[in-house]
Enquirer: 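Here's a structure for you.
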Amino acid sequence: MNWLTNFVRPRIKKLLQPREAPDNLWLQCPNCKEMIFHRELEKALHVCPSCQHHIRLTANQRLELLFDNKEWTEIQLPNVPVDPIKFKDLKKYSDRLKLAQEKTGMHDAAIVAHGNMGKINVVVAVIDFSFLGGSMGAAVGEAIVSAAELAIVQESPLIVIPSSGGARMQEGVLSLMQMPRTTVAINKLREKGYPYIVILTDPTTGGVTASFAMLGDIHIAEPGAVVGFAGARVIEQTIRETLPEGFQRSEYLLEHGMVDIVVHRSDLKNKVVQLLSLIMRPDPAAPILPLNKNRKSKLFESIKSSEHNSNSNIIDPSIPDTSLFEVDGNDNKN
Amino acid sequence: MHFLEFEKPIAELEGRIAELRHVSEVAGTSITDEILKLQSKATRDLKVTYQNLNPWQKTLVARHPDRPHFLDYANSIFTEFIILSGDRGFSDDKAILGGLARFKGRSVMIIGQEKGHDTETRLKHNFGMAKPEGYRKAQRLMKMADHFGIPVITFVDTAGAYPGVGAEERGQSEAIARSIETCLNIRVPLISIIIGEGGSGGAIAISSANKILMLEHSIFSVISPEGCASILWRDGDKSKTAAESLKLTAQDLKKLGLIDDIIQEPVGGAHRSKEEVFKKVTEKIDKNLKELIKVEGGQLRARRREKFLAMGRIEKKNLSE
């Protein structure tokens with residue numbers, strides 16, 4: 001792992017790789033049903049140009065949106081028990097896992113990476129909803145714990161970007177225990193004094209909101225994201241009433257005091273960097289604290305820093321450009 | 001007494017015994033032998049049935065309407081229980097009750113979900129399903145106990161946190177998250193007993209404890225078997241299968257290393273002999289409290305944290321056996 005393999009090789013690879021033509025040139029906005037040309041959509045960071053609906057992103061697209069020059073280092077997460085209760089419904093959980101792995105190319109729903117954001121070294125954990133609904137089992141718990149530990153080692157802020165249906169029921173009470181587990185990790189980080197920012201994206205509910213996702217120093221939400229504890233359907237069944245318009249959306253949460261700011265995707269990185277800089281650089285004349293020393297922990301090995309952005313082509317969202325996201329069909333077709 | 005579906009044969013036997021007793025009293029004929037024979041058969045059947053309860057049957061026992069609830073424990077195994085109310089922000093949620101009390105002379109803070117035992121009390125306590133203000137009251141009481149160095153004992157009995165508009169509006173998730181956080185941060189002993197239903201986030205909110213104990217026929221689950229069945233099987237009738245898959249019994253969870261101890265129930269379940277349950281629970285609280293009270297506050301907190309941090313790390317504990 002050095003500068004050459006990390007940065008140069010992926011760049012070369014990217015240059016040599018022919019850009020794949022997207023399967024669907026036109027995509028339909030899931031909200032207003034408007035047909036959008038894929039290039040338009042990429043340029044708009046997957047925000048519908050006509051209704052401003054923020055379309056869900058994959059974990060990698062999230063990282064591309066935030067890290068400087070789309071460069072980051074993903075870390076290898078410790079192993080967790082696979083299928084701890086040998087769960088089977090209509091399908092075996094182990095088969096569902098394999099299927100999700102094949103579909104997304106991810107090992108589990110969360111990845112952890114570190115890199116620069118506005119020249120500040122940050123650790124980011126992101127949960128991908130397309131992997132079993134972003135549900136939290138031991139692996140997602142481990143990602144949050146590892147991310148917090150890495151942030152402590154690197155003396156860096158932690159940014160967590162959840163999108164999750166909640167606890168992963170196929171792991172039984174072990175998944176429930178990830179709620180206190182991640183809470184411990186976040187508390188240890190907070191005691192060290194490093195900032196913890198949560199970027200709430202669509203949708204985030206259940207055991208994830210009821211633990212680390214609601215414990216941030218600052219809560220940012222993307223417009224229109226559904227964020228809540230109970231699912232809307234469960235509530236409707238309980239109270240036997242239709243829910244009000246905008247219920248559990250970011251703006252509703254803002255109004256009820258659960259999030260600090262609702263930020264448009266095009267302004268997201270700027271806002272995060274600005275906040276981090278205000279927190280960590282109270283005196284502009286002083287150097288940025290905590291220092292980015294690029295320290296490496298024995299606990300964490302970096303992995304495939306070259307692979308993750310080989311298929312991506314996003315630039316700093318603050319600078320308009322014509323080549324932004326590659327359309328990743330999985331999440332955006334519907 | 002309320003009988004569960006699978007208790008029907010036993011209920012019939014007990015009915016016959018009662019009938020015979022009545023006949024023998026009225027007619028003055030002695031059929032004691034017959035009664036004794038039936039009685040011992042009923043006891044045997046009850047024992048066998050309860051030794052072999054499947055996870056779904058345990059779910060039904062855990063929800064048994066006659067099962068002792070939090071207030072029964074509070075008023076039986078503690079003295080001087082003074083209920084402390086309110087979250088100091090919005091209201092008093094009676095789904096979670098708590099207050100100071102004495103346990104064998106020692107001051108303790110007890111907190112628990114109360115389901116209620118008839119229509120009126122069930123409504124009053126919202127069936128044990130707490131709203132944010134309930135979890136905020138729990139936080140307040142735990143912090144108070146921490147401040148005064150008083151051990152905390154929580155009693156878990158809830159289907160889950162209440163899913164409603166007001167609850168969401170007032171931040172149900174944040175309230176639960178902070179409640180978990182408070183459990184993990186206090187520097188006094190925290191013992192949690194699952195006395196009936198340990199329903200998901202609403203349960204873990206007050207049970208991220210040094211010791212998690214479960215009654216023999218209680219359940220602890222990430223989702224109700226019904227909810228799980230409707231999501232994964234798309235069929236609400238598959239609750240029994242879901243209950244089996246979820247590994248929600250005390251015995252399974254002990255095996256998985258996710259809870260610390262099991263409290264034996266009397267033959268036929270806690271509702272058959274409340275006094276016996278109170279005695280057993282008292283013994284276990286006493287044992288665990290004596291152990292924890294010797295530990296320094298910072299250590300208590302550190303151990304509690306490490307315990308949860310290890311839940312899911314393979315190198316420390318292999319959960320799949």
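Below, chains carry the letters A, B, ... as their sequence lines are ordered, and counting in each starts from 1.
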Enquirer: For chain B, find which of Q248(A), M179(A), Q237(A), E142(A) contributes the most heavy-atom pairs closer than 4.5 angstrom.
Expert: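 When all of Q248(A), M179(A), Q237(A), E142(A) are compared, E142(A) has the most.
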Enquirer: Using the side-chain contact (heavy atoms from CB on, under 4.5 Å) criterion, which residues pair with E191(A)? Sequence neighbours excluded.
Expert: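 side-chain contact (heavy atoms from CB on, under 4.5 Å) check on E191(A) returns N187(A), N185(B), R301(B), R305(B).
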Enquirer: Contact part of L215(A) toward chain B, heavy-atom cut-off under 4.5 Å: side chain, backbone, both or neither?
Expert: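 Interface part for L215(A): both.
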Enquirer: Search all heavy atoms of G224(A) against all heavy atoms of D202(A) and return the closest pair with its distance.
Expert: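 In terms of heavy atoms, the two residues are closest at O-OD1, 4.2 Å.
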Enquirer: Among K91(A), M169(A), K88(A), which one satisfies side chain to side chain contact (heavy atoms under 4.5 Å, CB included) with L232(B)?
Expert: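 That would be M169(A); it is the only one of K91(A), M169(A), K88(A) passing the side chain to side chain contact (heavy atoms under 4.5 Å, CB included) with L232(B).
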Enquirer: Which of residues 153-162 of chain B have a heavy atom under 4.5 Å from any heavy atom of chain A?
Expert: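 Hits under 4.5 Å: A161(B), Y162(B).
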Enquirer: So which of K188(A), Q170(A), E236(A) has the biggest tally of heavy-atom pairs under 4.5 Å with chain B?
Expert: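 Top option by heavy-atom pairs under 4.5 Å: K188(A).
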Enquirer: Between I219(B) and chain A, which part of the residue has a heavy atom less than 4.5 Å away: side chain, backbone, both or neither?
Expert: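 Contact with chain A is absent: no heavy atom of I219(B) under 4.5 Å.
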Enquirer: Taking E197(B) for the side chain and G199(B) for the main chain, is one N or O donor matched with an acceptor at less than 3.5 Å?
Expert: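 The answer is no, because no donor-acceptor pair under 3.5 Å joins these two groups.
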Enquirer: With chain B, which of G137(A), A139(A), G172(A) has the greatest number of heavy-atom pairs at distances under 4.5 Å?
Expert: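 Going by pairs under 4.5 Å, I would pick G172(A).
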Enquirer: Nearest 0.5 Å, please: how far is CE in M144(B) from CG in D146(B)?
Expert: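 Separation between the atoms: 11.5 Å.
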Enquirer: Determine the minimum heavy-atom distance between V140(A) and S135(A), stating which atoms define it.
Expert: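 Answer, listing the atom of V140(A) first, then S135(A): CG2-O, 3.4 Å.
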Enquirer: Are any non-hydrogen side-chain atoms of D93(B) and D87(B) less than 4.5 angstrom apart?
Expert: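 They are not in side-chain contact.
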Enquirer: Could you pull out all donor-acceptor pairs under 3.5 Å where a side-chain atom in residues 225-233 of chain A meets a protein atom, sequence neighbours excluded?
Expert:
none

Enquirer: Looking at R62(A), R56(A), R249(A), which hits salt bridge (Lys or Arg N to Asp or Glu O under 4.0 Å) with E222(A)?
Expert: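 When salt bridge (Lys or Arg N to Asp or Glu O under 4.0 Å) is applied between E222(A) and each of R62(A), R56(A), R249(A), only R62(A) qualifies.
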Enquirer: Can you name the one residue among K254(B), K307(B), K284(B) that meets salt bridge (Lys or Arg N to Asp or Glu O under 4.0 Å) with D260(B)?
Expert: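 It is K307(B); the other options fail the test.
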Enquirer: Please state whether the side chain, the backbone, both or neither of Q178(A) comes within less than 4.5 Å of a heavy atom of chain B.
Expert: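 Answer is side chain: those atoms of Q178(A) sit under 4.5 Å from chain B.
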Enquirer: Against chain B, label M258(A) side chain, backbone, both or neither, depending on which of its atoms sit under 4.5 Å from a heavy atom there.
Expert: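 Just its side chain gets close to chain B.
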Enquirer: Measuring heavy-atom distances to chain B, does T209(A) have an atom under 4.5 Å in its side chain, in its backbone, in both, or in neither?
Expert: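 For T209(A), heavy atoms of backbone and side chain both lie under 4.5 Å from chain B.
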Enquirer: Looking at E244(B), Q172(B), K238(B), R178(B), which has the largest count of heavy-atom pairs under 4.5 Å with chain A?
Expert: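 So the answer, after comparing E244(B), Q172(B), K238(B), R178(B), is R178(B).
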Enquirer: Can you establish whether the number of heavy atoms outside H256(A) located under 6.0 Å from its atom NE2 is more than 12?
Expert: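 Atom NE2 in H256(A) is packed in, count exceeds 12.
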Enquirer: Strictly by side chain to side chain donor-acceptor pair (under 3.5 Å), give each pair with a member in residues 203-218 of chain B just once, sequence neighbours left out.
Expert: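 Residue pairs with at least one partner in residues 203-218 of chain B: K58(B)-H217(B), N210(B)-R304(B), K211(B)-E291(B).
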Enquirer: Check whether F212(A) gets within reach of chain B through its side chain, its backbone, both or neither, counting any heavy atom under 4.5 Å.
Expert: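 When you check distances to chain B, no heavy atom of F212(A) falls under 4.5 Å.
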Enquirer: Who among I239(A), V80(A), I85(A) has the most heavy-atom pairs with chain B under 4.5 Å?
Expert: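 If we count pairs closer than 4.5 Å to chain B, I85(A) comes out on top.
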Enquirer: By a 4.5 Å heavy-atom criterion (distance strictly below it), what part of I231(B) contacts chain A: side chain, backbone, both, or neither?
Expert: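 Only the side chain of I231(B) comes within 4.5 Å of chain A.
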Enquirer: Can you tell me which portion of L246(B) sits under 4.5 Å from chain A's heavy atoms? Options are side chain, backbone, both or neither.
Expert: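 Its backbone and side chain both get close to chain A.
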Enquirer: Name the member of R234(B), K247(B), E181(B), E174(B) that forms the most heavy-atom pairs with chain A at distances under 4.5 Å.
Expert: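 Most heavy-atom pairs under 4.5 Å with chain A: E181(B).
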Enquirer: Should I218(A) and I279(A) count as side-chain neighbours, where that means a heavy-atom distance under 4.5 Å?
Expert: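 They are in side-chain contact.
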Enquirer: Could you have a look at A167(B), S200(B), G171(B) and say which one has the most heavy-atom pairs with chain A under 4.5 angstrom?
Expert: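 Top count of heavy-atom pairs under 4.5 Å with chain A: S200(B).
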